[in-house]
Amino acid sequence: LGAGARAEAAHAWGTAVRTLHRTRFSLAGDLAEPEAAGVRLEGDLERLWHTPLRLAVKDAMLDTPKLVRALRRAPELVADAPVALTHGHPGAGSFLYNPRRGAVTAVLDLGNARRSDPMCDLAAIAGELSALGCAEAFMQGYGALSSWERARRAFYGLHHDLLAYASALTTAPHELAARRMRLADRLKSSEY
């Protein structure tokens, strides 16, 4: 696709993701496991960090104290965040776009859908869209974010980078250098 067509598709994608996120829940948890419906966002995040943080502490190339401080602030940041239907891994291939209609016609691959903070999905999308040069068009379609939403989206970017780094340490060593650099760059950000 050319730059204009990518921007149009990204705008429609942003609108579709916002529509998906309007399905709200009072509690977090995995949609496939209703018994997990009582888990709050903060507790779910802390559970996910145990192994990645233990691995990160051993890595002299990471600013571990800064990472720990950012993670300690996170439960307070996400407390009372809206809980929505999130896709879970909302890559470009998960949305069918009809260029003649200028609209997303279907959302696919909802196997990892969760009750979660909608900013978690936006953080997952950000890297892919930056590489394609259409992040701004996506956000115009999604709509403006409040300062609290921007702060949560930045945090989830760190969260995703930490989990990807830990995964590379244990299952994908060929990706380790890139994942470590991305996490280190994220920690250099002024948000942390």
Side-chain angles (χ1 to χ4, degrees), residues 6 10 13-14 17 28-30 36 39-81 83 86-94 109 111-114 116-139 142 145-192:
R6 279 199 310 270
W13 182 15
V17 172
D30 190 332
V39 176
R40 298 302 305 174
L41 285 174
E42 311 92 287
D44 200 29
L45 289 171
E46 289 181 1
R47 179 185 55 76
L48 289 171
W49 295 331
H50 288 167
T51 299
L53 195 51
R54 190 178 75 246
L55 294 169
V57 164
K58 298 177 181 176
D59 191 342
M61 295 179 69
L62 289 175
D63 186 345
T64 307
K66 196 170 189 182
L67 176 61
V68 170
R69 284 194 303 274
L71 296 180
R72 281 187 177 152
R73 283 197 310 268
E76 194 173 301
L77 178 66
V78 304
D80 302 320
V83 178
T86 60
H87 189 279
H89 52 103
S94 297
D109 195 15
N112 283 358
R114 290 178 59 82
S116 188
D117 186 339
M119 294 304 104
C120 192
D121 267 358
L122 292 192
I125 293 168
E128 182 172 353
L129 291 182
S130 295
L132 295 173
C134 52
E136 187 175 324
F138 174 86
M139 288 310 302
Y142 190 87
L145 300 181
S146 69
S147 58
W148 183 35
E149 288 172 322
R150 287 192 304 272
R152 293 191 340 260
R153 187 181 75 173
F155 158 69
Y156 286 115
L158 175 68
H159 169 76
H160 291 316
D161 286 344
L162 172 62
L163 297 183
Y165 160 79
S167 177
L169 273 170
T170 56
T171 62
H174 59 287
E175 295 179 7
L176 181 57
R179 297 296 187 179
R180 177 188 281 122
M181 291 306 300
R182 187 164 175 171
L183 181 55
D185 286 347
R186 179 83 64 178
L187 285 168
K188 290 176 188 170
S189 160
S190 61
E191 284 124 355
Y192 307 108

(request) Over all heavy atoms of both residues, which pair between S189 and K66 is shortest? Give the atoms and the distance, please. (result) O-NZ, 3.8 Å

(request) Walk me through it: do V68 and L53 pass the test side-chain contact (heavy atoms from CB on, under 4.5 Å)? (result) CA-CA 8 Å; V68 170; L53 195 51; 4.0 Å; yes

(request) Give a yes or no answer on whether the side chain of R150 reaches the backbone of L145 with a donor-acceptor pair at less than 3.5 Å. (result) yes

(message) Tell me if a side-chain donor or acceptor on H159 pairs with a main-chain N or O of W49 at a distance below 3.5 Å.
(response) no

(request) Calculate, to the nearest 0.5 Å, the distance between atoms CZ and CG belonging to R153 and D117 respectively. (result) 12.0 Å

(message) Nearest 0.5 angstrom please: L71 CG to L48 CG, how far?
(response) 11.0 Å

(message) Tell me the closest heavy-atom pair linking W148 and A81, and the distance in Å.
(response) CH2-CA, 3.5 Å

(request) Any chance you could measure L122, atom CG, to E149, atom CD, to the nearest 0.5 Å? (result) 8.0 Å

(message) Once ring pair (Phe, Tyr, Trp, His ring centres under 6.0 Å) is applied, do any residues pair with F138, and if so which ones, sequence neighbours excluded?
(response) W13

(message) Within this structure, what is the CD-CE distance for the pair E136 and M139, rounded to the nearest 0.5 Å?
(response) 10.5 Å

(message) I'd like to check L45 versus F155 (side-chain heavy atoms, cut-off strictly below 4.5 Å). Are they in contact?
(response) yes

(message) side-chain contact (heavy atoms from CB on, under 4.5 Å), that's the test. Do L183 and L162 meet it? Break it down for me.
(response) CA-CA 6 Å; L183 181 55; L162 172 62; 4.2 Å; yes

(message) Nearest 0.5 angstrom please: M181 CE to M61 CE, how far?
(response) 6.5 Å

(request) Measure across P75 and E46 and return the closest heavy-atom pair with its distance rounded to 0.1 Å. (result) CG-OE2, 3.1 Å

(request) Mark yes or no for whether T170, through its side chain, and S167, through its backbone, hold a donor-acceptor pair below 3.5 Å. (result) yes

(request) May I ask you to check whether over 12 heavy atoms, not counting those of R182, lie within 6.0 Å of atom CZ? (result) no

(message) How close do M119 and Y156 get, counting heavy atoms only, and between which atoms?
(response) C-CD1, 3.7 Å

(request) Write down the atom of L67, the atom of A56, and the distance for their closest heavy-atom approach. (result) CD2-CB, 3.9 Å

(message) To the closest 0.5 Å, what do you measure between CG (L158) and CZ (R186)?
(response) 7.0 Å

(request) Compare every heavy atom of C134 with every heavy atom of A10, then report the nearest pair and how far apart it is. (result) CB-O, 3.6 Å

